[in-house]
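Here is the structure we will look at, set down as structure tokens.
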Amino acid sequence: MQNFTTKIVNMMKSEGLYASQGGPIILSQIENEYQNVEAAFRDKGPPYVIWAAKMAVELQTGVPWVMCKQTDAPDPVINTCNGMRCGETFGGPNSPTKPSLWTENWTSFYQVYGGEPYIRSAEDIAFHVTLFIAKNGSYINYYMFHGGTNFGRTASAYVITSYYDQAPLDEYGLIRQPKWGHLKELHAAIKSCSSTILEGVQSNFSLGQLQQAYIFEEEGAGCAAFLVNNDQKNNATVEFRNITFELLPKSISVLPDCENIIFNTAKVNAKGNEITRTSSQLFDDADRWEAYTDVIPNFADTNLKSDTLLEHMNTTKDKSDYLWYTFSFLPNSSCTEPILHVESLAHVASAFVNNKYAGSAHGSKDAKGPFTMEAPIVLNDQMNTISILSTMVGLQDSGAFLERRYAGLTRVEIRCAQQEIYNFTNNYEWGYQAGLSGESLNIYMREHLDNIEWSEVVSATDQPLSWFKIEFDAPTGNDPVVLNLSTMGKGEAWVNGQSIGRYWLSFLTSKGQPSQTLYHIPRAFLNSSGNLLVLLEESGGDPLHISLDTVSRTGLQEHASRYHPPQ
């Protein structure tokens with residue numbers, strides 16, 4: 001860790017990026033919310049915190065270091081708050097020499113497959129930002145202010161490819177109203193009285209049972225006030241400095257001169273806008289598509305053998321989402337109506353018996369234990385090959401001792417109608433293959449397309465583990481480009497060899513909708529013509545009804561005011 005941290009700091013220094021060198025970096029962070037897991041390390045936790053802080057400070061960046069959500073951050077490292085309500089939840093700096101910093105103000109939350117987007121209102125964000133400032137907060141960082149895309153396999157466990165699209169600037173960098181406009185007005189209001197806030201003395205007193213005033217006052221100079229109404233439902237009439245004010249429910253009014261309200265967190269002037277999707281190109285011409293079905297390995301094909309079930313991530317080394325578990329089985333003639341029973345701590349399991357698809361199952365972000373798959377199967381009287389594809393949809397993202405986490409199959413049985421059970425979990429020889437054959441052949445890269453023999457695509461297919469390819473031209477204009485995959489199942493997509501991320505349309509929310517349908521293709525990935533799209537479809541989908549679209553947002557007019565004219 002010291003080597004890594006030192007390398008990063010030296011890279012920043014070599015480019016003159018720290019504020020002490022005239023650069024833009026004003027803060028550095030060491031560790032991240034370590035206190036959440038510290039207790040798991042018992043007596044080794046506190047000394048580690050001290051060591052990490054000392055190690056970072058000795059790198060002499062010339063700017064402060066922070067530790068997020070670490071209440072006992074050692075001097076001079078600053079303890080900071082992460083969350084949505086730091087004005088209410090933060091206990092404050094652990095030393096009077098440290099400022100009050102909010103390092104992650106969550107404008108939304110990451111979304112998982114099977115989950116709905118987390119919608120946090122502009123009013124709620126503005127309320128808590130203003131409250132933090134009123135309580136002597138010095139710095140607020142939005143997480144995220146600009147959404148983004150988890151390209152490739154970078155998303156963590158069950159997290160969708162789109163990341164924080166609900167931010168003030170969405171996944172594509174487009175302005176999301178009213179969040180963007182409302183916060184812009186708030187920032188202007190705070191800035192209009194920033195000198196008073198910085199140089200004045202803060203005091204506060206009650207204006208009512210659920211009302212509070214926070215005042216910053218310079219002797220013989222400026223005065224700024226924040227009038228808070230914590231009543232969730234009702235307006236409040238308050239008297240402040242011999243002036244009567246009507247405060248909206250759950251709001252804070254900003255008075256840069258202690259007399260006039262120039263901003264209220266609950267009063268949104270910016271008009272909401274919607275995203276507009278324009279279809280640029282349909283991929284409905286079967287003659288333009290070609291397909292390849294991946295090879296299902298059997299036990300004899302595998303080079304790695306073991307007499308027990310191996311852990312998924314330690315076997316693949318994260319070079320692939322996929323790990324094949326295979327074995328051979330000669331049943332007794334008495335086994336009728338066999339059921340393949342699989343329990344797994346990975347994310348998805350798909351079973352193939354004698355190269356024929358038998359069934360699949362998956363877990364979810366909220367599930368604590370293993371998920372179970374039970375699939376009726378047909379067995380031959382001779383030797384049968386059972387191949388189970390275990391899939392990870394991202395690595396675990398948090399918690400102590402991640403290196404000890406187990407993923408992969410935990411129990412495999414064949415259960416017969418007459419209560420006979422064949423258990424293959426332990427003391428049975430398994431064969432393993434990490435990754436799919438198409439992955440190992442890099443058939444999503446143009447230079448490797450000829451590594452396999454492609455075939456025609458006639459219609460929609462339920463064939464699992466299918467690869468599809470097609471060429472297309474980029475849409476004209478500058479609007480962001482998306483791939484509409486609404487008719488696909490689960491897999492990954494590449495454009496000109498660049499993975500634009502995993503997709504999982506078949507995992508529906510409680511409202512019966514996919515968590516994500518549109519997948520961002522940065523224009524930097526595209527050529528004007530002759531672009532290569534490759535899809536890996538795990539469960540069966542219809543590529544003939546996907547489309548290439550562009551997106552834009554309507555109603556981007558800014559609200560003009562006397563303290564922040566529009567650009």
Side-chain angles (χ1 to χ4, degrees), residues 107-119 144 146-155 158-177 179 272-284 393-394 468 470 472-496 498-509 511-526 531-539 541-556:
T107 58
S108 177
F109 209 63
Y110 64 79
Q111 186 180 354
V112 298
Y113 290 110
E116 299 285 347
Y118 186 96
I119 309 297
M144 303 292 295
H146 190 324
T149 309
N150 292 309
F151 295 115
R153 299 170 47 247
T154 56
Y158 291 107
V159 173
I160 68 172
T161 295
S162 176
Y163 191 73
Y164 270 77
D165 182 53
Q166 295 295 322
L169 296 173
D170 68 13
E171 176 181 4
Y172 317 109
L174 301 177
I175 291 174
R176 178 182 289 280
Q177 297 284 34
K179 278 184 185 177
N273 64 356
E274 298 294 330
I275 198 158
T276 300
R277 180 171 57 86
T278 303
S279 181
S280 169
Q281 186 176 157
L282 297 176
F283 293 111
D284 55 356
V393 187
F468 301 98
I470 194 172
F472 66 95
D473 296 339
T476 57
N478 296 314
D479 286 340
V481 180
V482 295
L483 191 62
N484 185 342
L485 294 176
S486 57
T487 58
M488 301 304 290
K490 180 185 182 302
E492 190 172 349
W494 290 262
V495 173
N496 293 331
Q498 302 257 25
S499 173
I500 62 170
R502 303 182 182 98
Y503 63 85
W504 198 350
L505 283 298
S506 57
F507 194 162
L508 303 180
T509 70
K511 297 179 180 178
Q513 298 295 321
S515 295
Q516 183 178 354
T517 301
L518 305 179
Y519 291 79
H520 184 204
I521 307 175
R523 284 191 176 266
F525 287 12
L526 295 172
N531 297 284
L532 173 66
L533 169 64
V534 176
L535 302 175
L536 165 60
E537 175 53 55
E538 297 174 29
S539 57
D542 178 10
L544 299 182
H545 287 88
I546 69 172
S547 64
L548 191 71
D549 303 338
T550 58
V551 291
S552 59
R553 284 195 176 271
T554 58
L556 292 183

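Residues take their numbers from the sequence shown, with the count starting at 1.
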Heavy-atom distance under 4.5 Å between the side chains of [X] and [Y], does that happen here?
{"X": "Val551", "Y": "Asp479", "result": "no"}
{"X": "Leu533", "Y": "Ile546", "result": "yes"}
{"X": "Lys490", "Y": "Val393", "result": "yes"}
{"X": "Leu483", "Y": "Val495", "result": "no"}
{"X": "Arg523", "Y": "Val481", "result": "yes"}
{"X": "Ser280", "Y": "Asp549", "result": "no"}
{"X": "Arg153", "Y": "Ser499", "result": "no"}
{"X": "Phe507", "Y": "Gln516", "result": "no"}

Quick check for you: to the nearest 0.5 Å, what is the distance between [X] atom [atom1] and [Y] atom [atom2]?
{"X": "Ile275", "Y": "Leu518", "atom1": "CD1", "atom2": "CG", "result": "7.0 Å"}
{"X": "Thr554", "Y": "Gln177", "atom1": "OG1", "atom2": "CD", "result": "10.0 Å"}
{"X": "His545", "Y": "Leu485", "atom1": "NE2", "atom2": "CG", "result": "14.0 Å"}
{"X": "Asn484", "Y": "Leu548", "atom1": "CG", "atom2": "CG", "result": "9.5 Å"}
{"X": "Met488", "Y": "Glu538", "atom1": "CE", "atom2": "CD", "result": "10.5 Å"}
{"X": "Leu169", "Y": "Arg553", "atom1": "CG", "atom2": "CZ", "result": "10.0 Å"}

Is it the case that the ring center of Phe283 lies less than 6.0 angstrom away from the ring center of Phe468?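 They do not qualify: ring centres at least 6.0 Å apart.
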Between His520 and Tyr172, how do the two ring planes meet: parallel, tilted or perpendicular, split at 30° and 60°?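 Judged by the thresholds at 30° and 60°, the geometry between His520 and Tyr172 is perpendicular.
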Locate the shortest heavy-atom distance separating [X] from [Y]; write the atom from each residue and the value.
{"X": "Ser486", "Y": "Thr517", "value": "CB-CG2, 3.5 Å"}
{"X": "Gly147", "Y": "Ala167", "value": "N-CB, 3.7 Å"}
{"X": "Thr149", "Y": "Glu171", "value": "OG1-OE2, 2.6 Å"}
{"X": "Pro522", "Y": "Phe151", "value": "CG-CZ, 3.4 Å"}
{"X": "Phe525", "Y": "Asn496", "value": "O-ND2, 2.9 Å"}
{"X": "Pro117", "Y": "Gln166", "value": "CB-NE2, 4.2 Å"}

Does anything in residues 108-119 form a side-chain hydrogen bond (donor to acceptor under 3.5 Å, both in side chains)? List the pairs, not counting sequence neighbours.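 Every side-chain hydrogen bond (donor to acceptor under 3.5 Å, both in side chains) pair that includes a residue of residues 108-119, provided the two are not neighbours, is Glu116-Thr509.
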Passes side chain to side chain contact (heavy atoms under 4.5 Å, CB included), Leu526 versus Phe472? Steps please. CA-CA 10 Å; Leu526 295 172; Phe472 66 95; 3.8 Å; yes
For Arg176 and Asp165, indicate whether the former's side chain and the latter's backbone hold a donor-acceptor pair under 3.5 Å.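 Answer holds: yes.
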Under 3.5 Å: donor-acceptor pair, side chain of Asn150, backbone of Ile160: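 Answer holds: yes.
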Checking Glu537 against Tyr503 for the side-chain hydrogen bond (donor to acceptor under 3.5 Å, both in side chains) test, could you report, in this order, the C-alpha distance in whole Å, the side-chain angles of both residues, the deciding distance, and whether it holds? CA-CA 9 Å; Glu537 175 53 55; Tyr503 63 85; 2.9 Å; yes
Those residues that, when tested against Tyr519, pass ring pair (Phe, Tyr, Trp, His ring centres under 6.0 Å) (two or more places apart):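 Result, ring pair (Phe, Tyr, Trp, His ring centres under 6.0 Å) vs Tyr519: none returned.
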Tyr163: partners by ring pair (Phe, Tyr, Trp, His ring centres under 6.0 Å), with sequence neighbours left out: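 Listed in chain order: nothing, the list is empty.
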Applying side chain to side chain contact (heavy atoms under 4.5 Å, CB included), run through Thr161 and Ile500 and close with a yes or a no. CA-CA 8 Å; Thr161 295; Ile500 62 170; over 6 Å; no
Should Asn273 and Leu174 be marked as a side chain to side chain contact (heavy atoms under 4.5 Å, CB included) after you check the CA-CA gap, both sets of side-chain angles, and the distance that decides it? CA-CA 11 Å; Asn273 64 356; Leu174 301 177; over 6 Å; no
